[in-house]
Amino acid sequence: QIQLMESGGEPVQAGGSLRLSCVVSGYTYGSYSMVWFRQAPGKDREGVAAIGSDGSTSVADSVKGRFTISKDNAKNTLYLEMNSLKPEDTAMYYCAADLALGMSAVQVLAQEVMDYWGKGTLVTISS
């Protein structure tokens with residue numbers, strides 16, 4: 001049973017930066033895909049960035065050039081580095097894991113169904 005715990009969300013002014021973390025516990029066998037999702041009030045959930053089980057990475061067009069996803073396997077931690085933040089980036093950010101093998105980041109970023117989810121961390125950007 002995988003458990004995911006996000007942290008790092010906080011109020012930030014527009015133009016600022018944040019780094020979100022997602023610690024993965026309970027699973028150390030093989031590789032798996034991970035995705036950062038976000039959901040703003042009244043809006044659909046959106047896949048923001050992903051690391052595929054093949055090691056590839058992908059980010060959504062809405063955050064391209066501003067957000068970077070990375071993973072520290074030694075620490076079992078997924079990161080989302082967010083720069084040049086905008087008020088429209090305000091949302092609850094969730095990390096999620098998919099255990100299917102051979103998934104590229106592009107493939108898993110397009111998914112809505114994941115195997116495991118964290119409880120989220122709130123990012124609030126003020127103008």
Side-chain angles (χ1 to χ4, degrees):
Q1 181 82 9
I2 287 183
Q3 293 183 327
L4 308 177
M5 177 72 73
E6 304 94 336
S7 63
E10 63 183 59
V12 173
Q13 286 196 328
S17 299
L18 277 177
R19 188 176 78 162
L20 304 184
S21 300
C22 172
V23 177
V24 182
S25 60
Y27 185 87
T28 58
Y29 304 105
S31 61
Y32 47 90
S33 303
M34 296 206 69
V35 182
W36 283 103
F37 289 89
R38 68 183 180 186
Q39 188 163 22
K43 294 189 176 182
D44 292 337
R45 188 173 59 205
E46 173 190 19
V48 173
I51 291 181
S53 58
D54 65 355
S56 59
T57 61
S58 181
V59 295
D61 288 342
S62 59
V63 302
K64 196 162 290 184
R66 300 190 298 121
F67 289 14
T68 303
I69 189 171
S70 62
K71 187 179 174 188
D72 186 332
N73 290 324
K75 295 182 178 180
N76 289 327
T77 302
L78 179 75
Y79 300 102
L80 184 67
E81 190 77 37
M82 306 188 296
N83 299 311
S84 302
L85 285 162
K86 304 175 182 180
E88 51 263 44
D89 295 319
T90 294
M92 186 71 81
Y93 284 73
Y94 302 88
C95 66
D98 187 291
L99 302 186
L101 297 177
M103 296 286 287
S104 72
V106 171
Q107 288 175 305
V108 73
L109 188 59
Q111 288 188 182
E112 294 185 354
V113 178
M114 302 290 285
D115 293 322
Y116 297 96
W117 292 85
K119 294 184 178 181
T121 186
L122 182 62
V123 173
T124 304
I125 310 301
S126 58
S127 57

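Residue numbers run from 1 in the order of the sequence given.
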request  = Please name the pair of heavy atoms, one in L99 and one in I2, separated by the smallest distance, quoted to 0.1 Å.
outcome  = CD2-CD1, 3.5 Å
request  = For side-chain contact (heavy atoms from CB on, under 4.5 Å), just list the numbers for L109 and V35, CA-CA rounded to whole Å, side-chain angles, deciding distance to a tenth of an Å, and then say yes or no.
outcome  = CA-CA 6 Å; L109 188 59; V35 182; 4.0 Å; yes
query = Which atom pair, heavy atoms only, marks the closest approach of L4 to A96?
reply = CD1-CA, 3.7 Å
key: Between W36 and F67, ring centroids under 6.0 Å   = no
ask   = Short question: side chain of S53, backbone of G102 - any donor-acceptor pair under 3.5 Å?
value = yes
message = For a quick test of reading the model, state the closest non-hydrogen atom pair linking Y32 to A97 and the distance between them.
response = CD1-CB, 4.4 Å
key: Donor on one side chain, acceptor on other, Q111 and D98, under 3.5 Å   = yes
ask   = Roughly how far, to the nearest 0.5 Å, is CD of Q13 from OG of S127?
value = 9.0 Å
inquiry  = For a salt bridge (charged side-chain N to carboxylate O under 4.0 Å, His left out) check, start with the C-alpha distance between D61 and K64, then their side-chain angles and the critical distance, and finish with the verdict.
reply    = CA-CA 5 Å; D61 288 342; K64 196 162 290 184; 3.1 Å; yes
ask   = If Ile, Leu, Val, Met, Phe, Trp and Tyr residues are connected whenever their side-chain heavy atoms lie under 4.5 Å apart, and connections chain through other members, are W117 and L122 in the same group?
value = yes
inquiry  = Holding to salt bridge (charged side-chain N to carboxylate O under 4.0 Å, His left out), I want the full list of residues that pass it with K43, two or more places apart in sequence or in another chain.
reply    = none
inquiry  = Taking E88's backbone N and O only, do any of them form a donor-acceptor pair with T90's side chain (distance below 3.5 Å, no angle check)?
reply    = no
Stacked cation flag R38 on Y93, 6.0 angstrom / 45 deg = no
note = To the nearest 0.5 Å, atom CD of Q1 lies from atom CG of D115 at 10.5 Å
request  = Kindly give the heavy-atom pair with the smallest separation between G9 and T121, and that separation in Å.
outcome  = N-OG1, 3.0 Å
query = CD1 of I69 to CG of L78: how many Å apart, nearest 0.5 Å?
reply = 4.5 Å
query = Is M114 linked to Y116 within one hydrophobic cluster, defined over Ile, Leu, Val, Met, Phe, Trp and Tyr using a side-chain heavy-atom separation of less than 4.5 Å?
reply = no
message = Going by the rule side-chain hydrogen bond (donor to acceptor under 3.5 Å, both in side chains), which residues pair with S62 if we only count those two or more places apart in sequence or in a different chain?
response = E46
query = Can any side-chain N or O of T77 pair as donor or acceptor with the backbone N or O of V23 at less than 3.5 Å?
reply = no
message = Please enumerate all residues that pass side-chain hydrogen bond (donor to acceptor under 3.5 Å, both in side chains) together with S104, with sequence neighbours excluded.
response = Q107
query = Once you round to the nearest 0.5 Å, how far does OG1 of T124 lie from CG of D89?
reply = 11.0 Å
request  = Is it possible for you to say whether V59 and V108 belong to one hydrophobic cluster, with membership spreading through side-chain heavy-atom contacts below 4.5 Å?
outcome  = no
note = Closest non-hydrogen atoms of A60 and G47, given as atom of the first, atom of the second and distance, are CB-O, 3.5 Å
remark   = Shortest non-hydrogen pair, G16 vs V12, comes out as CA-CG1, 3.9 Å
ask   = Would V63 end up clustered with L20 when hydrophobic side chains under 4.5 Å apart are linked, directly or stepwise?
value = yes
Spacing of OG belonging to S17 relative to CG belonging to L85, to within rounding of 0.5 Å = 6.0 Å
inquiry  = Keeping S58 on the side-chain end and A50 on the backbone end, is there a donor-acceptor pair under 3.5 Å?
reply    = no
key: E6 side-chain N/O to K119 backbone N/O, donor-acceptor pair under 3.5 Å   = yes
task = Would you give the length of the straight line joining atom CE of M34 to atom OG1 of T57, rounded to the nearest 0.5 angstrom?
result = 14.5 Å
query = Does a sphere of radius 6.0 Å around CD in Q3 hold more than 12 heavy atoms from other residues, nucleotides or ligands, not counting ones at 6.0 Å or beyond?
reply = no
inquiry  = When you measure from the side chain of S33 to the backbone of G52, do you find a donor-acceptor pair of N or O atoms at a distance under 3.5 Å?
reply    = no
query = With a 4.5 Å heavy-atom cut-off, do M82 and V123 have their side chains touching?
reply = yes
